[in-house]
Number of protein chains: 2
Amino acid sequence: MIPEKTIERLSKYRRYLLEKLEKQEEYLYSHELAAALHLTPEQVRRDIMLIGYTGTQRKGYSIKELIDVISKILDGDKKINAVIIGMGHLGKAISNYFSIKRSNIEIVAAFDIDSNKVDRIISGIKSYHVDNLDLIINETDAKIAILTLSPAGAQDITDQLVYAGIKGILNFTSITLRVPEDVYIENYDMITSLEKVAYFVKESIDNEGTL
Amino acid sequence: MIPEKTIERLSKYRRYLLEKLEKQEEYLYSHELAAALHLTPEQVRRDIMLIGYTGTQRKGYSIKELIDVISKILDGDKKINAVIIGMGHLGKAISNYFSIKRSNIEIVAAFDIDSNKVDRIISGIKSYHVDNLDLIINETDAKIAILTLSPAGAQDITDQLVYAGIKGILNFTSITLRVPEDVYIENYDMITSLEKVAYFVKESIDNEGTL
DNA sequence: AAATAATTGTTATTACAATAACATTGTTTT
DNA sequence: AAAACAATGTTATTGTAATAACAATTATTT
């Protein structure tokens with residue numbers, strides 16, 4: 001079993017490696033990757049060890065091979081479909097982010113309650129009324145939902161999503177969702193992130209000059 | 001020194017407590033807070049211990065007092081100003097999130113390079129051309145920047161921000177930024193988050209039925 | 001061909017975070 | 001008034017992640 005933090009880094013490694021591949025580069029060293037992502041070379045080597053890939057000493061890691069190994073871990077062999085719930089600014093922002101296909105994840109549909117935002121294509125994604133949630137999720141066999149709606153209706157929608165067969169949720173509403181334990185939730189809370197930054201800024205300002 | 005993870009939870013505690021306060025409730029138990037946020041009561045008590053607040057046995061914690069103690073930790077005594085760089089969908093989404101003032105953080109300005117998006121008020125925030133970065137940041141004494149621009153210009157902007165006196169960055173561009181070590185960076189990478197969800201969903205589907 | 005240098009792979013250590021255990025204390029009940 | 005209970009505060013333990021150390025190996029240099 002690969003640790004969660006390693007999975008996160010693998011995602012970042014792959015993106016960096018893909019850039020390098022575009023530049024026709026063939027090999028890279030652990031310390032290069034580490035420097036680029038502000039990590040230690042040991043961490044990079046350890047992660048790569050964990051996924052069972054081995055480089056060649058003195059030469060480093062084959063960029064192409066490493067991408068393949070990471071992709072096998074992250075993507076598996078089959079594609080996975082995702083839907084977005086809520087086509088406000090945040091929903092649109094995320095749609096744009098993923099309009100360039102990376103990896104094996106595809107956003108296949110979006111949902112909203114606003115009649116002005118449904119039954120048309122927004123940021124390249126077909127948008128439906130939430131009433132069609134169950135139908136479309138089943139048709140597309142989507143397994144992931146990205147929640148970018150207002151907190152008010154979030155738990156209700158989540159229940160529907162779980163019923164429709166969703167197995168993973170990326171939650172941008174700042175509320176804590178209740179789901180069965182076989183559903184994986186990744187919470188992202190902007191308010192908390194900003195308050196955290198504010199705290200550490202305040203701390204560093206207060207401690208200025210002191211050692 | 002309060003651990004990073006505790007700071008994150010304090011932010012969430014406060015929001016939950018504020019809700020309770022609105023409902024005129026006066027006291028709550030560690031296990032209530034824990035249940036609401038999917039934590040253990042021990043963790044909650046430990047966090048509260050770390051910030052030096054004590055409840056009363058058998059009665060629990062005073063909601064009002066606890067909010068005050070948390071606020072003192074998170075906010076300190078002075079307000080802190082923030083700016084947003086990039087008024088695309090993500091920038092607007094964040095502006096809306098923070099249009100309701102919570103805590104002591106205020107978003108005082110936004111910047112963009114698009115002439116259609118500058119010199120007017122967007123989502124309640126005055127928007128300027130990036131050429132005015134240094135000027136406005138100094139005028140407003142902003143210490144935090146929220147980066148919601150495209151990756152291309154991010155490092156260049158970051159250098160300008162640091163020069164202008166920004167001490168904390170909430171980074172939504174998926175690139176790794178170089179900054180002096182007295183600048184605190186919180187990275188949020190949507191692509192990584194989604195790939196992580198996809199990985200754990202895939203794992204759980206693959207392991208269905210096995211124990 | 002031998003020595004050196006540079007890099008990987010792995011193990012050991014340290015640090016950090018979460019969980020569990022338990023002692024303490026105040027309230028309620030009998 | 002005593003006993004039982006239910007909550008807190010704190011210490012101890014466990015688990016997870018990051019760092020460091022080092023052995024093994026391969027290329028390069030002399």
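Predicted, not measured: the structure shown is a model, and the values here were computed from it.
A heavy atom closer than 4.0 Å to some atom of DNA chain D occurs in A:Gln57, A:Arg58, these being the qualifying members of residues 56-65 of chain A. Taken residue by residue, residues 32-52 of chain B places heavy atoms nearer than 4.0 Å to DNA chain D at B:Arg45, B:Arg46, B:Met49. Heavy-atom distances under 4.0 Å link DNA chain D to no residue of residues 3-21 of chain B.
Between B:Gln43 atom CD and B:His38 atom NE2 the span is 14.0 Å, to the nearest 0.5 Å. For the atom pair A:Ile144 CD1 and A:Glu106 CD, the distance stands at 12.0 Å (nearest 0.5 Å).
Under a 4.0 Å N-O distance rule, the pair A:Asp68/A:Lys72 does not qualify as a salt bridge.
Other residues, nucleotides and ligands contribute over 12 non-hydrogen atoms within 6.0 Å of the CG atom of A:Leu18.
Results of the side-chain contact (heavy atoms from CB on, under 4.5 Å) test with B:Leu10 over B:Val69, B:Ile51, B:Leu66 single out B:Ile51 as the only residue that passes.
B:Glu42 pairs by the salt bridge (charged side-chain N to carboxylate O under 4.0 Å, His left out) definition with nothing, not counting sequence neighbours.
Using the six-membered ring where Trp is involved, A:Tyr184 and B:Phe200 have ring planes that are parallel, under 30° apart on the 30 and 60° scheme. Note on ring orientation: taking the six-membered ring where Trp is involved, the planes of A:Tyr188 and B:Tyr188 are parallel (angle under 30°, cut-offs 30° and 60°).
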When Watson-Crick pairs (N1 to N3 and N6-O4 or O6-N4) and G-U wobble pairs (N1-O2 and O6-N3) count only below 3.5 Å on both distances, what is the dot-bracket string of DNA chain C, with | for other-strand pairs? ||||||||||||||||||||||||||||||
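In summary, the side chains of B:Arg46 and B:Thr6 do not present any donor paired with an acceptor at a separation below 3.5 Å, with no hydrogens or angles considered.
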For the pair A:Asp189 and B:Arg15, evaluate salt bridge (charged side-chain N to carboxylate O under 4.0 Å, His left out) and give the outcome as yes or no after the intermediate values. CA-CA 12 Å; A:Asp189 187 332; B:Arg15 249 178 301 152; 2.7 Å; yes
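Where DNA chain D meets chain A (any atom under 4.0 Å from a heavy atom), the bounding nucleotides read 5' to 3' are D:dA17 to D:dA27.
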